There are 2 protein chains.
Amino acid sequence: MVAVPERTQVLTMAGSALGPLFDPASIAVVGASADRRKWGYWLARGALAGQDRRPVYLVNRGGGVIQGVRAWRSVEELPATPELIVVATPPAGVRHEVSCGLAVGARCFVVITTGVGHPASVAEELALAELAVTRGARLLGPNCMGVVDASSGLQLCWGDVPAGPVGLVSQSGNLGLEIGRLLGRAGQGLSRLVSLGNQRDIDAAEVLESLIEHEPTRVIAAYVEDFRDGRRLMRAVGAARAAGKPVLLLTVGRSDASGRAARSHTGSMVSGLDVVDAAAAAAGALRLDTAGQLVDTAVALLAPARSRGRRVAVVADGGGQGAIAADTLAAAGLVVPPLRAGTVARLHELLPPAAGVSNPVDLAGAGEADITSYVAVARTLLADPDADAVVLSGYFGDYAASTPELAAAETAVASDLAAVSERSGRALVVHSMAADGSPALAALRQGGVPVFERIEHAAAALAGAARWASLTPAELPGFTVARPAGDGGYQSSRELLASYGLTFPHARFVRDADGAAAAAEEIGYPVALKAMGLAHKTEAGGVALGLTGEQDLRSAFRVMVHRTQAASFAVEAMAACRDSVELIMGVRQDPSFGPVAMTGLGGTTAELLADTAIALAPLTAERARQLLESLRHAPLLHGWRGAPAVDLDAAARILAAVSLAGAQHPEFSELEVNPVLAHPGGAIALDAHGVLR
Amino acid sequence: MVAVPERTQVLTMAGSALGPLFDPASIAVVGASADRRKWGYWLARGALAGQDRRPVYLVNRGGGVIQGVRAWRSVEELPATPELIVVATPPAGVRHEVSCGLAVGARCFVVITTGVGHPASVAEELALAELAVTRGARLLGPNCMGVVDASSGLQLCWGDVPAGPVGLVSQSGNLGLEIGRLLGRAGQGLSRLVSLGNQRDIDAAEVLESLIEHEPTRVIAAYVEDFRDGRRLMRAVGAARAAGKPVLLLTVGRSDASGRAARSHTGSMVSGLDVVDAAAAAAGALRLDTAGQLVDTAVALLAPARSRGRRVAVVADGGGQGAIAADTLAAAGLVVPPLRAGTVARLHELLPPAAGVSNPVDLAGAGEADITSYVAVARTLLADPDADAVVLSGYFGDYAASTPELAAAETAVASDLAAVSERSGRALVVHSMAADGSPALAALRQGGVPVFERIEHAAAALAGAARWASLTPAELPGFTVARPAGDGGYQSSRELLASYGLTFPHARFVRDADGAAAAAEEIGYPVALKAMGLAHKTEAGGVALGLTGEQDLRSAFRVMVHRTQAASFAVEAMAACRDSVELIMGVRQDPSFGPVAMTGLGGTTAELLADTAIALAPLTAERARQLLESLRHAPLLHGWRGAPAVDLDAAARILAAVSLAGAQHPEFSELEVNPVLAHPGGAIALDAHGVLR
C-alpha cells in the first residue's frame with residue numbers, strides 16, 4: 001500500500017506536483033503517426049521539436065521510421081523509462097498503454113483519445129485515472145487536446161501555438177486554440193496551454209495553482225464549464241491575484257442553450273452565471289464573455305503601463321472617430337472626462353486653431369502636417385492627472401501604406417509613443433484602421449502598446465483592465481456545518497433564524513379559533529393570521545393581515561380554514577412601520593460554490609423590478625451592507641424624496657445572520673426571509689421558510 | 001436673374017441633380033501634385049485612373065508635367081470646360097478657383113481644402129456655396145475627403161477604396177475610410193463614398209436620396225452628426241427601405257464627451273440619441289454604434305440568403321465554442337431554440353454517439369473524421385423551420401492550414417455550404433478561428449456566406465439583420481402649426497389640452513380662502529388645493545391633496561399662502577381611482593426632428609425606475625398604445641398580480657392628444673401632463689404645464 005501516501009503527497013503539493021506534466025525528463029508518444037491528418041503526427045512532431053531538451057520516443061505498433069525517427073513497437077521496448085506518455089491510440093487500447101506505462105515507471109499520462117471504454121463511459125475513465133493515481137502517477141484527460149509549455153519546449157498539441165506570457169487552462173481544446181490564435185494575431189502568445197479534457201485526475205484548480213509560481217506566466221486565462229469545488233478554484237484565483245497575476249475567466253451559462261449544452265457536454269450540474277460572477281468578484285477574477293474579449297483584456301493587462309482606472313483621454317485625427325471612440329468607451333463603462341485647464345492650454349499651443357482641444361482631442365490635420373504631433377499630444381495627455389489611460393484612435397499606423405516617404409517617420413513616432421507611455425507609467429492604447437502589416441503598428445506592439453483593429457475592442461480591453469483593478473477581493477468568513485434543524489416550516493424556520501439573532505413580531509401558534517382569539521387577546525389587536533404548512537400561503541389564501549378585533553379574526557379564521565384546510569395557524573402582532581422598505585433575503589446551495597446569499601427589493605412589484613444581488617455566504621455585516629447598497633433601488637433605503645433613511649445597519653445584520661444560518665444549515669437547499677421590513681428605527685423579519693433538500 | 005430658376009430646379013431634382021458629382025463628363029484637379037504626401041497627388045492619381053471614361057485636366061500654377069501628364073497653369077487655360085472641379089489648393093485660393101471654374105462653365109465643385117477664408121469662417125464657406133449655387137452649380141464640402149463612384153470609375157479621394165455594393169455617405173472622412181477598409185477585409189466594398197465635409201451645399205439627405213436609385217448600391221451606410229432637417233433625412237431613409245435598401249446609420253451622442261465633440265466639430269445643436277433612435281426606428285433605419293458593427297451588419301444584409309428572424313441554430317466542433325456562441329448570440333438579443341424532433345433524429349443519424357444534437361450542435365470530432373459532415377449538418381439545420389439562420393462556429397476554415405491534404409476537400413465543403421444556404425433561402429454565417437488567407441474562407445465569401453473572425457461579430461451581424469427585418473416603419477401623421485396659445489401655466493395648459501379632448505377633474509380657480517371654500521362646496525369634498533404660478537409646486541408646498549372639509553381646506557390655504565406667496569389657486573375634485581397607475585406624458589421640441597412625444601411611469605419612484613419611451617410626434621392612438629406597451633413596467637397596466645387592467649385605450653388617446661397638442665404648439669419647448677391616472681374605467685389628467693421657448 002505504498003500508493004496512498006504518494007497520492008496524498010501529490011494532492012498536498014498542489015501545482016508543483018505537475019512538474020512531470022510541464023517539463024518531463026523524457027516523453028513517449030504512443031500512437032505516433034506520419035499522417036498529418038492524425039493526432040499522432042502532431043504529438044510526435046511537437047515532442048520531437050523539444051528533443052534538444054529531453055529524449056523523445058515514438059511508439060507505433062507497426063514500428064518503422066516516423067518523421068525520420070525510429071518508432072518502437074511498444075512502451076515495454078523503449079530503452080529507457082519515459083517520464084511522460086502521451087496516448088493517442090484508438091479507445092480500446094488506452095487502458096493497456098497506461099498499464100504498460102505504469103509498469104515501466106512513467107509518472108504522467110496525457111490521454112488525447114476520446115471515448116475511452118466500450119462503450120465510452122465515465123466509470124471507465126475514472127478507473128483509468130484511479131489506476132494511474134494509485135501508482136503515484138498523474139493523468140491529464142482523457143479527451144483532451146494536450147499540453148504546451150513554451151519555456152520547457154514542450155509542445156504536445158495539434159498545430160502550432162504562439163509563445164508568450166499568457167498561461168491558459170481550458171476545458172475546451174478548440175477554445176484554447178482559438179485564444180492562442182487571437183493572442184498570436186495581437187503579438188502575444190501562451191506560456192502554457194493545458195487542455196483539461198474530462199478532468200478525471202488533473203483539474204482546473206490544480207493547473208491554475210501551478211501557474212501562480214510559473215515565472216513566464218504573467219496573465220492567467222481559464223475556460224471552465226464545470227467548477228467542481230468552486231471555492232478551491234477561487235482560492236487559487238485569490239492566490240494568483242495576490243501574486244500579481246490577473247485571472248481572466250471565460251465560462252458559459254448566459255443563455256438557456258449554453259446551459260443545456262454544458263450539461264450534456266460535462267454531464268454535471270452547472271452553476272448559475274450569477275453565482276460564478278459573485279465568486280469571481282470575491283476572489284478578484286475577471287469574468288469575460290468571449291475568446292476575443294478575453295484576449296483584448298489580456299493584451300491590455302500585459303502592457304508595461306497597465307491602465308488602473310476608468311478615466312480615458314481620447315485623441316483622433318478627425319472629429320468623427322474621436323466621437324465614436326468616446327461613445328464606445330463610455331458604453332463600455334469608462335469615463336471620458338474634460339481635461340485639466342493646463343492640458344487644454346498646452347494642446348492649444350501644440351495644435352492648429354481648428355483642432356478640438358477638449359476630450360476627445362481632434363488633431364484636425366495636425367498629424368498629417370507634422371506626424372510628430374502624435375507624440376507631443378500623447379505626452380501632454382499622459383501627463384494629465386485626470387486621465388488613467390490615453391486612446392489614440394483612427395488613422396495612425398496607415399501613413400506609410402499610402403505614403404512610403406513617411407514610413408520611417410511613422411515608425412519612429414510609434415516607438416516614441418511607446419516610450420512616452422512607458423515613462424509616464426500610464427497606458428496608451430491604439431485603435432488603428434491600418435492593415436496588420438503596418439510597420440508602425442509592429443513598432444507600437446514591440447514597445448508594449450496594445451493595438452486593436454476596432455475601437456470596441458480597445459474599449460473592452462481598457463474596461464476589463466479597469467474592472468480588474470477595481471475588484472476588491474475579500475477573505476470569506478469561515479463557517480462550520482451545524483446539526484440539521486427544523487422542517488423548513490414557518491415555525492421552525494422562525495426559531496432557527498431567531499437563534500441567529502433575527503427579530504420577528506410576537507407570535508403564538510394555535511390550532512383552532514378559540515386558541516386564535518386567546519392569542520390575539522394576549523398579543524393585542526391588530527393581528528395577522530397565517531395558515532401553516534402551505535408552500536405558498538399568500539396565494540393559497542393563508543394570510544390575513546390587519547385583523548382589528550375578535551369578530552374580524554374569527555371571520556378570517558373561518559374563511560382560512562375553509563380555503564386552506566390547514567391544521568395549524570400563527571397569530572402575530574402587526575408590524576406597523578412608517579417609511580419602511582420591503583426586502584427579500586435568503587440563501588441557497590450551489591452545487592459548486594456552496595451557500596450563496598441573496599437579497600433584493602420586495603413588495604408587490606419585486607418580480608417586475610427584478611432587483612436582486614448575490615454573494616457567496618456567509619457575509620460579514622459590512623459585506624451584507626455593500627450588497628444592499630448595490631441594489632438598483634438602494635436610493636429608497638437612503639431616504640427617497642424626503643423620507644427618512646431606513647436603518648441599513650440593522651438590515652445588514654439580518655442579512656449577515658440569514659447568510660450564516662443558510663451556510664451552517666446546508667440541509668436547506670433554500671432558506672428565505674420574505675419580507676424583511678427595513679425602517680428608520682430598525683428592521684424586522686415578517687416571514688420565513690426553508691426548502692429541505 | 002437666370003440663376004434663380006436654375007437653383008430651384010436643382011433643389012427639386014434632388015438626387016438626380018448630383019449626376020455631375022458622381023459621373024462628371026470631365027474633371028479638373030486644381031492643386032494637382034507629384035508629392036504623395038499631398039492631397040493633390042491622390043486626387044490626380046485617382047482622376048487619371050478614370051481617364052478612359054472622361055478627360056482629366058491637372059491644374060497647378062507651376063505648370064509642368066505631373067504623374068506623366070501635362071499640368072495647366074489655371075482653369076482658364078484648359079482646352080475644354082471641366083464639368084467637375086476638385087479643389088485642393090491652400091485656403092486663400094479657393095474662392096478664386098471656384099469663381100474661375102464657374103466662369104468657364106463648371107457644374108460641380110468638390111472642395112477638399114480646410115479652413116476656407118481668412119480667418120476660416122462659416123460665413124465665408126456659405127458665401128462660397130452660394131456663389132456656386134446661384135450660378136447653377138453644386139458644391140461638396142469644403143473640408144471634405146472627396147467622392148468615389150466605383151461604377152463610373154470616379155476616384156477623388158485619398159488612397160484606394162475597395163469596390164462593392166455599399167453606398168456610404170459620411171460626415172467624417174476618416175470614418176468613411178475606416179468603414180471602407182473594414183468592408184474590404186470582409187470581402188466587400190463601396191459603390192459610392194461621399195465625404196460630406198461641412199455640407200455648405202450638398203448634404204446627407206440629398207446624397208442619401210441619390211443612392212436609392214443607384215443600382216450598384218444594395219446597402220446604404222451613413223455617418224451623420226448633424227441631422228439638420230431630420231424629418232427630410234428620415235423620409236429618404238423610408239424611401240430607401242421601400243426600395244429594398246437597408247440604411248445603416250452611425251451617429252454619436254451616447255456620451256457627454258461625444259456630444260461636446262460633435263458640437264465643437266459641427267458647430268450645431270445635436271439631437272439626443274434617444275430622438276435619433278426614435279426617428280430611425282420610425283423610418284426603418286438601423287442605428288449602429290461603431291464602424292465595425294456597421295460593417296458586420298452590412299455583410300450580413302448583403303448575403304444572398306438574408307437572415308430575417310431571431311432564431312439561430314448553432315453548430316461547432318466542440319462543446320465550448322458552441323456554448324460560447326449560444327451565449328453570445330443570446331446576449332445580442334437572438335434566440336437559440338431547441339431543435340425540432342425531426343431535426344434531432346436526423347442529426348442522431350448523421351453524427352457519432354458522443355455528439356451533442358441539441359442546439360448548439362456539437363460535432364464532437366465528426367468534422368475531423370469526415371469533413372463533409374459540416375455540409376450534412378448545415379443542410380439539416382437549414383431545413384429546420386424553427387431556425388432563421390445557422391451559425392457555424394470554430395475550427396472550420398483551418399483544416400488546410402495544418403493539413404494541406406485536406407485543402408481541396410475543405411474548399412469543396414465551403415462551396416457546398418454556400419450552395420446549401422443559398423438554395424435553402426436561409427442565412428448561414430461562419431465564425432472561424434482560421435487566419436484570413438484560408439482558401440475555405442475565401443470560398444465561403446465567394447459563395448456569399450458572411451465570415452467573421454469573432455463570434456461576437458457574427459452575433460452583432462445577425463442581431464442587426466434581425467432587428468432591421470423587425471422594424472415596422474410607419475408614416476407619421478401630418479400636422480399643421482396652430483396659433484400660439486397660453487402661457488404654460490396650469491390653467492391655460494389645462495384649457496389647451498382640454499380642447500384636444502383631455503379630461504381633467506372639475507376645478508375652479510380662486511384668489512382667496514372664501515373663494516376656495518365656495519368652490520369646494522360646489523365641487524364637493526374631498527378636494528385638492530393647488531397654488532398657481534410656481535415652477536415646481538409640489539416641492540414648494542403648493543399642493544394639498546384630500547382635503548376633507550372646510551376647516552381642513554382653510555387651514556391648508558393659510559399654510560399654502562404663507563409658504564408660496566401665490567396669488568391664485570385651483571380647487572379641484574379629488575380623483576379617487578382604485579387600481580390606478582400613474583403615467584407621465586409630454587412633448588418636447590428637438591432642433592432637428594421637431595416635436596417628440598414621451599411617456600413613462602409616474603409616481604414617487606418614477607425617477608428611480610427611469611422607465612420612459614419616446615417617439616416622433618404626433619402619434620396615432622395605435623402608436624401611442626404601442627409606446628405605452630413598450631414600457632418596461634407595462635405589465636402593471638395589464639393587471640399586475642390579480643389587479644384589473646387599466647383602460648389602455650383611454651391612456652393611449654390622451655397620449656395621442658398630448659402629442660398632437662405639442663406638435664401644433666411649437667411655442668412650447670415642453671408640454672407635459674403629470675400625472676395621468678390610468679385606471680380600469682378610463683384615464684384622467686391631474687396636472688399639466690408648458691415651458692414657453
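Below, chains carry the letters A, B, ... as their sequence lines are ordered, and counting in each starts from 1. A quick note: this is a predicted structure, and the numbers were derived from the prediction, not measured.
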request  = Starting from the C-alpha separation in whole Å, work towards a yes-or-no answer on salt bridge (charged side-chain N to carboxylate O under 4.0 Å, His left out) for B:Arg454 and A:Asp296.
outcome  = CA-CA 12 Å; B:Arg454 297 181 173 205; A:Asp296 293 336; 2.8 Å; yes
Out of [options], which one racks up the most heavy-atom pairs below 4.5 Å with chain A?
{"options": "B:Asp398, B:Leu406, B:Ile455", "result": "B:Asp398"}
{"options": "B:His457, B:Glu368, B:Arg632, B:Glu453", "result": "B:His457"}
{"options": "B:Leu636, B:Thr403, B:Leu608, B:Leu609", "result": "B:Leu608"}
{"options": "B:Ala316, B:Ala434, B:Gly642", "result": "B:Ala434"}
{"options": "B:Glu178, B:Gln293, B:His633, B:Arg37", "result": "B:Glu178"}

Engaged part of [X] at the chain B interface, taking heavy atoms whose separation is under 4.5 Å:
{"X": "A:Leu175", "result": "both"}
{"X": "A:Ala401", "result": "neither"}
{"X": "A:Ile324", "result": "both"}
{"X": "A:Pro337", "result": "backbone"}
{"X": "A:Thr114", "result": "neither"}
{"X": "A:Asn359", "result": "both"}

Closest approach of [X] to [Y] (non-hydrogen atoms, all atoms of both residues):
{"X": "B:Ser258", "Y": "A:Ala323", "answer": "CB-O, 3.4 Å"}
{"X": "B:Trp42", "Y": "A:Ser402", "answer": "CZ2-O, 2.8 Å"}
{"X": "A:Glu456", "Y": "B:Gly292", "answer": "OE2-CA, 3.7 Å"}
{"X": "B:Pro360", "Y": "A:Ala257", "answer": "CD-O, 3.6 Å"}

Please flag which part of [X] lies under 4.5 Å from any non-hydrogen atom of chain A: side chain, backbone, both or neither.
{"X": "B:Asp289", "value": "backbone"}
{"X": "B:Ser432", "value": "neither"}
{"X": "B:Ala435", "value": "both"}
{"X": "B:Leu329", "value": "neither"}
{"X": "B:Pro353", "value": "neither"}
{"X": "B:Arg181", "value": "side chain"}
{"X": "B:Asp317", "value": "both"}

[atom1]/[X] to [atom2]/[Y] distance, rounded to the nearest 0.5 angstrom?
{"X": "A:Leu177", "Y": "B:Met433", "atom1": "CG", "atom2": "CE", "value": "4.5 Å"}
{"X": "A:Leu273", "Y": "B:Asp327", "atom1": "CG", "atom2": "CG", "value": "7.5 Å"}
{"X": "A:Glu607", "Y": "B:Trp640", "atom1": "CD", "atom2": "CH2", "value": "4.0 Å"}
{"X": "B:Glu405", "Y": "A:Arg36", "atom1": "CD", "atom2": "CZ", "value": "4.0 Å"}

key: Contact winner vs chain B - A:Gly184, A:Pro338, A:Gly176, A:Ser170, heavy-atom pairs under 4.5 Å   = A:Pro338
query = Looking at A:Pro635, A:Pro404, A:Ala325, which makes the most heavy-atom pairs under 4.5 Å with chain B?
reply = A:Pro404
